Amino acid sequence: MSTEKIRTRFAPSPTGYLHIGGVRTALYNYLFAKKNKGKFILRIEDTDLTRSDEKFTRPIMEGLKWLGLDWDEGPYYQSKRKDIYDFALKELIDSGEVYRCFCTPEELAQRREENRQKGGDTGYDGRCLRLTEDEQADLEKSGLPYAWRIKTPDSGFIKFEDLIKGEVSFPADTIHDFVILKSDGMPAYNFACVVDDSSMDITHVIRGDDHISNTPKQILIFDALKIKPPRFAHLPQVHGIDGKRLSKRTGAVSLAEYQEKGYLPAALRNYLALLGWSTEDSQQLFTEDELENKFDLSRVGKSAGVFDIEKLNWMNGKFIRDSSASDLANEARPWLEAAGIIEKGDDISDRIKKAIELEKEKFMLLSDIPSKIDILIKDSILYDTKAVTKRLKKEGVRDVLEGIIPILQKEQEFTKDGLEKAFRVFCEDKGIGAGKLFHPVRVAVSGRTTGPGVFELLEFLGKDRVLERIEVALKEYVE
RNA sequence: GGCGGCAUCGUCUAGCCUGGUCUAGGACACAGCCCUCUCAAGGCUGCGACACGGGUUCAAAUCCCGUUGCCGCUACCA
C-alpha cells in the first residue's frame with residue numbers, strides 16, 4: 001500500500017446543463033476519493049471562450065451539491081489560470097518541443113476535408129514545422145495570429161495501463177502534431193488538462209472512455225513536460241435505450257430534470273453507482289456509507305450501460321418507503337406548496353406527515369405525494385366518475401350508506417379498530433358481504449376506489465368530515 | 001476510411017484473471033399465485049442470456065485466434 005494521498009477531480013465544461021453521464025463520472029470520482037480518504041476536486045474547464053458561459057457553472061455546482069457530491073477543493077477555473085499554462089508553454093518552447101503554426105482554422109478544415117475525400121490521412125501535415133527561420137520571423141512580424149503545436153513521434157507505440165480497460169496502446173504515427181495553445185492565447189483541452197492535473201496533484205484521472213483516445217496525446221504532453229502522468233481509469237459510456245449516446249430523445253439527460261421530477265438524491269446516487277459498478281454479490285441497495293466503503297474501481301465493468309429509468313423508478317420508491325414521513329414531507333415541500341396543500345413557508349403539520357405515512361408505500365416519486373394525500377387533507381374532494389359509476393351507482397348502495405350513518409354517529413372513539421368491528425357487525429346483521437359496505441363507503445368519503453384502508457381512512461378524516469361526505473355522496477351521486 | 005474500445009437474460013449485472021462446484025446466480029421489467037376492504041407494499045413461482053466460427057483441453061461463459069456487430073475518437077470543442 002502506498003501512502004500516496006489520493007486526489008481525484010471532476011472537470012465539467014460550462015457549455016450546458018449537467019449531463020447525467022457526467023454526474024456518474026463525478027460520483028465515481030467522489031466515491032473513489034472518499035473510499036481512499038483522499039480529496040475530490042472540482043475544476044471548471046472553460047477555455048472555449050465561445051461556448052462557455054458563466055450561467056452554466058452555477059447549476060452544475062448546485063446539482064453536485066444536491067446529489068451530495070461536495071468537493072474538497074475548487075472550483076478552479078481554467079480561464080483564470082492562463083499564467084500557469086503560459087509558464088508551461090515557455091518550458092516547452094525552451095526545450096524545443098513545440099512550434100508555431102500559422103495555418104488558419106479555415107485552411108486546416110479545407111485540407112482535412114480534401115484529404116478525407118481522397119480517403120487519406122486527415123491529420124495535420126506538419127507544414128509549419130518545415131518553415132525556415134526567416135519565413136517564420138516574417139510571418140510573426142506580419143502580425144498573423146498563430147497557434148502552438150507539439151511535436152509528436154512518428155514511430156513506436158504510446159501505451160498506458162488503464163485501471164479499468166487494462167493495457168491500451170496506440171501507434172504513434174496515428175497521432176499528428178496537435179495544437180496545445182490556441183491562437184486566442186487559451187490552452188487547448190489536452191494541454192490545460194495535463195497542466196492542471198499535474199499542478200493540482202491529481203493522482204487518478206477518472207473520466208468517460210470517450211477520452212481514451214485523448215490519453216496518448218496527454219501522455220505525450222506529460223512526457224514533454226517531464227512529468228510523471230497520473231493513473232487513468234476510463235469509465236464505460238452511459239447509453240440511452242437506443243444504444244446510442246444518451247440524448248434528449250431517449251429520456252431525461254440533465255440532472256436538474258431528475259430533481260424536478262421528484263427523485264431522491266440518495267436513490268439517484270445508488271442507481272448511478274450501479275450503472276457500471278457492482279459488488280461480488282450483486283447488492284442492489286446501499287446506504288451512503290456503504291457506497292463510500294464498498295466502491296472500488298477494480299470492480300467497474302468495461303462495457304457501456306443503458307440508462308434504465310424503470311429500475312431507477314423502483315429504486316426511488318424503495319428509498320421513499322425507507323424514509324421517515326417527516327423527512328419525506330420536507331423533501332416534498334416544493335410539490336406540496338405547488339399543489340396548495342401547504343402555504344409557502346408554513347410548517348408541515350403532523351397531520352400532513354400522518355397522511356404521508358398512510359400512503360407512503362404508494363409513492364414512486366416525490367411529485368406523486370400531493371395527488372395521493374389531497375383527499376386526506378383538503379376540505380373538498382372531487383369524485384372520480386369511474387369510481388362513482390362502479391361503486392355508488394349500484395343497487396342497494398343507498399340503503400347501505402343510509403344504514404351506516406347512525407352506526408358512525410354512535411361511534412365515540414372513531415378509531416379504526418372500533419369502526420371495523422362495528423362495520424362487520426352491521427354486515428352480519430344485514431346479511432351482506434363486507435365489500436358491499438366497504439367499497440361504497442370508501443368512494444363516498446374519498447371519491448376514489450384507491451387509497452388507504454377504509455378504516456384508516458375513516459379514522460383519519462374524523463367523524464364530522466366522514467358524515468359530511470357521505471351526505472354529499474348520497475345527495476349528488478347515489479341513485 | 002484510419003485508430004481505439006466493447007461484447008452474459010429486454011435492461012443493470014455476478015461468474016471470466018486462478019478452466020470443472022454454471023442444467024449460468026441476483027436485481028429491474030413482465031406473467032401467475034399468495035396475502036387482502038381498494039390501490040400498493042411484501043412473499044413465492046415462472047419467462048428469459050454466455051454474439052458467431054474455429055482451436056487448446058478429459059473438460060471453456062471462463063484460455064487462444066478469427067469473424068461480425070455496436071460505440072467512441074479522428075478540431076485552434078471539451
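All figures in this text were calculated on a predicted structure; none of them were measured in a lab. Because only heavy atoms are used, hydrogens play no part in the values below, and waters and symmetry mates are left out as well, while side chains stay in. Letters A, B, ... are given to chains in the order of the sequence lines, protein chains preceding strands, and every chain is numbered from 1.
C50(B) sits 14 Å from U23(B) when the P atoms are compared, rounded to a whole Å. Rounded to whole Å, the separation between the P atoms of G4(B) and G46(B) comes to 46 Å. Remark: the separation of the P atoms in G69(B) and G32(B) is 40 Å, to the nearest Å. Taking the P atoms as reference points, G2(B) lies 33 Å from C17(B), given to the whole Å. Here the separation of A49(B) from U13(B), taken at their C1' atoms, is 12 Å to the nearest Å. Rounded to whole Å, the separation between the C1' atoms of G26(B) and C65(B) comes to 33 Å. G54(B) and C70(B) are spaced 23 Å apart, taking the C1' atom of each and rounding to whole Å. Rounded to whole Å, the C1' atom of C28(B) lies 23 Å from the corresponding atom of C35(B).
Comparing A29(B), A78(B), A14(B) against the side chain of Ser278(A) picks out A14(B) as the nearest. The side chain of Lys311(A) has G26(B) as its nearest neighbour among G5(B), G26(B), C76(B). Looking at the side chain of Pro105(A), the nearest of the listed nucleotides C76(B), C28(B), A7(B) is C76(B). Counting only heavy atoms from C-beta on, Lys362(A) has its side chain closest to A40(B) among A40(B), A78(B), A7(B). Ranking G5(B), G4(B), U38(B) by closeness to the Arg442(A) side chain, first place goes to U38(B). Distance from the side chain of Ser282(A) is smallest for G25(B) among the nucleotides G72(B), G25(B), C76(B). Relative to the side chain of Val306(A), the nucleotides G72(B), A78(B), U11(B) differ in distance, and U11(B) lies closest. The side chain of Thr450(A) sits closest to C39(B) out of C76(B), A78(B), C39(B).
The closest donor-acceptor contact from the side chain of Lys182(A) to the backbone of Thr47(A) lies under 3.5 Å. In this structure, Thr25(A) contributes its side chain and Gly21(A) its backbone to a donor-acceptor pair below 3.5 Å. With hydrogens and angles ignored, the 3.5 Å screen pairs a side-chain donor or acceptor of Ser367(A) with a backbone N or O of Lys261(A). Between the Asn270(A) side chain and the Phe286(A) main chain, a donor and an acceptor come within less than 3.5 Å of each other.
The pair Glu288(A)-Arg269(A) meets the salt-bridge criterion, with a side-chain N (NZ, NE, NH1 or NH2) lying under 4.0 Å from an Asp/Glu carboxylate O. The pair Arg127(A)-Asp125(A) counts as a salt bridge, with a side-chain nitrogen and a carboxylate oxygen less than 4.0 angstrom apart.
Put simply, Lys182(A) has a side-chain N or O that comes within less than 4.0 Å of OP1 or OP2 on A78(B). For Arg424(A), a side-chain nitrogen or oxygen approaches OP1 or OP2 of C37(B) to under 4.0 Å. Contact annotation: Thr15(A) does not reach the phosphate of C77(B) (side-chain N/O to OP1 or OP2, under 4.0 Å). At least one side-chain nitrogen or oxygen of Arg299(A) sits closer than 4.0 Å to the OP1 or OP2 atom of G15(B). Arg112(A) has a side-chain polar atom (N or O) that falls below the 4.0 Å cut-off from OP1 or OP2 of C76(B). In terms of phosphate contacts, Arg391(A) brings no side-chain nitrogen or oxygen within less than 4.0 Å of OP1 or OP2 of U38(B).
Within 4.0 Å (heavy atoms only), Arg321(A) reaches sugar-phosphate atoms of the nucleic acid but no base atom. Using a 4.0 Å heavy-atom distance criterion, His239(A) is classed as a sugar-phosphate-only contact. Within 4.0 Å of Glu280(A), counting heavy atoms only, lie sugar-phosphate atoms of the nucleic acid but no base atom. Here Thr50(A) lies out of heavy-atom contact (under 4.0 Å) with every strand. Heavy atoms of Val454(A) sit under 4.0 angstrom from at least one base atom. Heavy atoms of Leu108(A) sit under 4.0 angstrom from at least one base atom. When heavy atoms are screened at a 4.0 angstrom cut-off, Ser13(A) is found touching the sugar-phosphate backbone but no base atom. Among the protein residues, Lys318(A) comes within range of the sugar-phosphate backbone only, with heavy atoms under 4.0 Å from sugar or phosphate atoms but none that close to a base. Note on Tyr146(A): nothing from the nucleic acid sits closer than 4.0 angstrom, heavy atoms only. Counting non-hydrogen atoms under 4.0 angstrom, Arg100(A) reaches nothing in the nucleic acid. Contact annotation for Gly301(A): no contact, since no heavy-atom pair falls under 4.0 Å across all strands. At the heavy-atom level, Gly435(A) lies nowhere under 4.0 Å from the strands shown. Counting any heavy atom pair closer than 4.0 Å across all strands shown, Ala147(A) reaches a base atom. Residue contacts shown for Ser52(A) are absent, as no nucleic acid heavy atom lies under 4.0 Å away.
Two rings, from Tyr271(A) and Tyr263(A), have their centers 6.0 Å or more apart.
Straight-line distance from the CD atom of Gln283(A) to the P atom of A14(B): 14 Å, rounded to whole Å. Between Leu144(A) atom CG and C76(B) atom P there is a gap of 17 Å when expressed in whole angstrom units. Going from atom CE of Met186(A) over to atom C1' of A75(B) covers 17 Å, rounded to whole Å. Atom NE2 of His234(A) and atom P of C73(B) are 13 Å apart (whole Å).
Scanning atom types as modelled, one donor and one acceptor separated by under 3.5 angstrom connect the side chain of Ser183(A) and the base of C76(B). For Thr174(A) and G2(B), a side-chain-to-base donor-acceptor distance below 3.5 Å is absent, hydrogens and geometry of angles not being considered.
When Watson-Crick and G-U wobble pairs are counted only if both distances are under 3.5 Å, U56(B) pairs with no nucleotide at all. Pairing for C30(B) goes to G46(B), judged as Watson-Crick or G-U wobble with the two contacts each under 3.5 Å. Base-pair partner of U68(B): A7(B) (Watson-Crick or G-U wobble, both distances under 3.5 Å). Across the strands present, C73(B) finds its partner in G2(B); the criterion is a Watson-Crick or G-U wobble pair with both atom distances under 3.5 angstrom.
Between Thr449(A) and Tyr271(A), the residue anchored nearer the 5' end of RNA chain B, judged by the nucleotide with its closest heavy atom, is Tyr271(A). Annotation: of the two residues near RNA chain B, Asp46(A) and Leu274(A), the 5′-most nearest-nucleotide partner is Leu274(A).
Asp417(A) and Thr415(A) share no donor-acceptor pair across their side chains, judged by distance under 3.5 Å alone.
For the side-chain hydrogen bond (donor to acceptor under 3.5 Å, both in side chains) criterion with His234(A), the lone passing option out of Asn214(A), Thr215(A), Asp210(A), Asp209(A) is Thr215(A).
The cationic group of Arg24(A) lies under 6.0 Å from the six-membered ring centre of Tyr28(A) and within 45° of the ring axis, placing it in a cation-pi geometry.
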